[in-house]
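Input: a single structure, listed below in structure tokens.
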Amino acid sequence: MRVLVTGGAGFIGSHIVSALLAAGHEPVVLDALLPGAHATVPEPSPVGLTHADVRDATAVRAALAGVDAVCHQAAMVGLGKDFADAPDYVGCNDLGTAVLLSQMAEAGVRRLVLAGSMVVYGEGRYECPRHGLVRPGARRPEDLVAGRFEPRCPACGAALVPGLVGEDAPADPRNVYATTKLAQEYLSSAWARAVGGTAVSLRYHNVYGPGMPRDTPYAGVASLFRSALARGEAPRVFEDGGQRRDFVHVRDVAAANVLALEATMEAAAGLPPGALTPYNAGSGEPHTVGEMATALARAHGGPEPVVTGEFRLGDVRHVTADSSRLRRDLGWRPAIGFDEGMAEFARAGQRASALTAGIRA
């Protein structure tokens, strides 16, 4: 299978390319090599690389020649700095996806795996002892300032119990990045219906591992903590460190992409043509941000994390995955546990990146 991997020179994309090669497939890469992900020119690629932006229709059309499927990883990632980032997020993520899909439609490429994200859910799944399953609204700034970080039941104000969120949960994006990731899914779904294509969105949870970019406000929390440790500084943990997340290793995410790409090519896999199928891609082992910071610092040799009480309005408190559908339908199993993965990441190299951009494309 010949696969175009957009953003294939980036953090997750480069691991997908390696996994495709190991599985006997033929990846080709389209990557803008922008400084947010590539402060220096990458090492020579073992596969064909088109140096172009995914919004360049001519370049995308050429890169699609002979391709059987597309693995779309190119995106601007993370929460960003403030709302002034919105045009860049929408341009990179949504316009870029629209250009790619339009060229796929013209080229007759009918198989797509999209880098989705758990951020489309907003807050995760919560239950109230009295009212059952509830959906708390956005946390109030005055509560966050006062250190009241846990969402409360919108009906009675009681404490809530967080649980695992499934793919059928309503979407509720809470920031610009999340909104663009949901729009990518809607665009891909519309493309699948229009052309009879098969699309999968792998909703990544908190992906970490070797090769994460360092020293950028757009990076994930694991990368920020690892960057601090590399500078000899303590990881700064926002809120009280009790935020629950699902940290999944990048090689496990790459393996999920390979399985999903193979499934789009096989009628027996049961993926419906003319539709997009979402899958949560998480480890199934929820941990708090504080636990992750502590594990990483201890594996690195310190210093210990500092809990700051700071917060960002766009953040959610708890969101962890129910990834059983991906396990059941595609046979995916994460191979790298939390302790093993953090121990490796604590010593692994990071990707040099510019401080002023966050494009993974």
Side-chain angles (χ1 to χ4, degrees), residues 1-10 12-14 16-17 19-20 23 25-33 47-77 89-117 120 180-204 254 256-267 269 271-279 330 359-361:
M1 174 172 55
R2 183 177 172 89
V3 181
L4 174 63
V5 184
T6 70
I12 298 176
S14 60
I16 293 171
V17 167
L20 284 166
H25 299 297
E26 182 187 359
V28 293
V29 170
L30 184 145
D31 200 299
L33 302 180
V47 302
L49 188 151
T50 298
H51 181 187
D53 195 296
V54 74
R55 291 168 287 186
D56 182 341
T58 301
V60 171
R61 186 181 310 120
L64 286 168
V67 161
D68 301 300
V70 171
C71 186
H72 183 30
Q73 304 295 312
M76 185 171 180
V77 301
Y89 275 106
V90 173
C92 292
N93 297 357
D94 299 339
L95 176 58
T97 299
V99 171
L100 172 67
L101 294 171
S102 70
Q103 294 307 309
M104 289 174 64
E106 288 192 18
V109 179
R110 300 292 183 259
R111 304 289 183 266
L112 171 71
V113 173
L114 171 69
S117 176
V120 301
T180 65
K181 296 307 290 184
L182 184 59
Q184 284 186 309
E185 289 196 357
Y186 286 151
L187 286 165
S188 300
S189 180
W191 163 85
R193 286 194 300 272
V195 303
T198 301
V200 168
S201 177
L202 293 175
R203 292 175 175 171
Y204 301 159
N257 274 273
V258 174
L259 286 172
L261 286 160
E262 291 172 343
T264 66
M265 301 297 294
E266 300 172 7
L271 295 176
L276 178 139
T277 304
Y279 289 108
L330 302 187
I359 313 282
R360 189 188 65 223

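When reading the values below, keep in mind they use all heavy atoms of this one structure, side chains included, and skip hydrogens, waters and symmetry mates.
With no hydrogens or angles considered, a side-chain donor-acceptor pair links Y204 and N257 at under 3.5 Å.
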* Carefully, step by step, assess L20 and V258 under the rule side chain to side chain contact (heavy atoms under 4.5 Å, CB included). => CA-CA 6 Å; L20 284 166; V258 174; 3.9 Å; yes
* To do: Quick one: do D94 and Q184 satisfy side chain to side chain contact (heavy atoms under 4.5 Å, CB included)? Show the steps, please.
  => CA-CA 6 Å; D94 299 339; Q184 284 186 309; 3.7 Å; yes
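In this structure, the separation between OG1 on T198 and CZ on R111 is 4.0 Å, given to the nearest 0.5 Å.
Residues P27 and I16 have side chains not in contact (no heavy-atom distance under 4.5 Å, counting atoms from C-beta outward). For the pair T180/V90, a side-chain contact is recorded, criterion being any heavy-atom separation below 4.5 Å from C-beta on. A 4.5 Å side-chain heavy-atom check between L4 and M104 finds every atom pair outside the cut-off.
Minimum heavy-atom separation, W191 to G197: CH2-CA, 4.1 Å. Taking each heavy atom of L112 and T264 in turn, the nearest pair found is O-CG2, 4.1 Å. Taking every heavy atom of both residues into account, L30 and A52 meet most closely at CD2-O, 3.2 Å. Closest heavy-atom contact between A63 and T50: CB-OG1, 4.1 Å.
Scanning for side chain to side chain contact (heavy atoms under 4.5 Å, CB included) contacts around R61 gives A57, T58, Q103, E106, with sequence neighbours left out. Here E185 pairs with R203 under the salt bridge (charged side-chain N to carboxylate O under 4.0 Å, His left out) rule; sequence neighbours left out.
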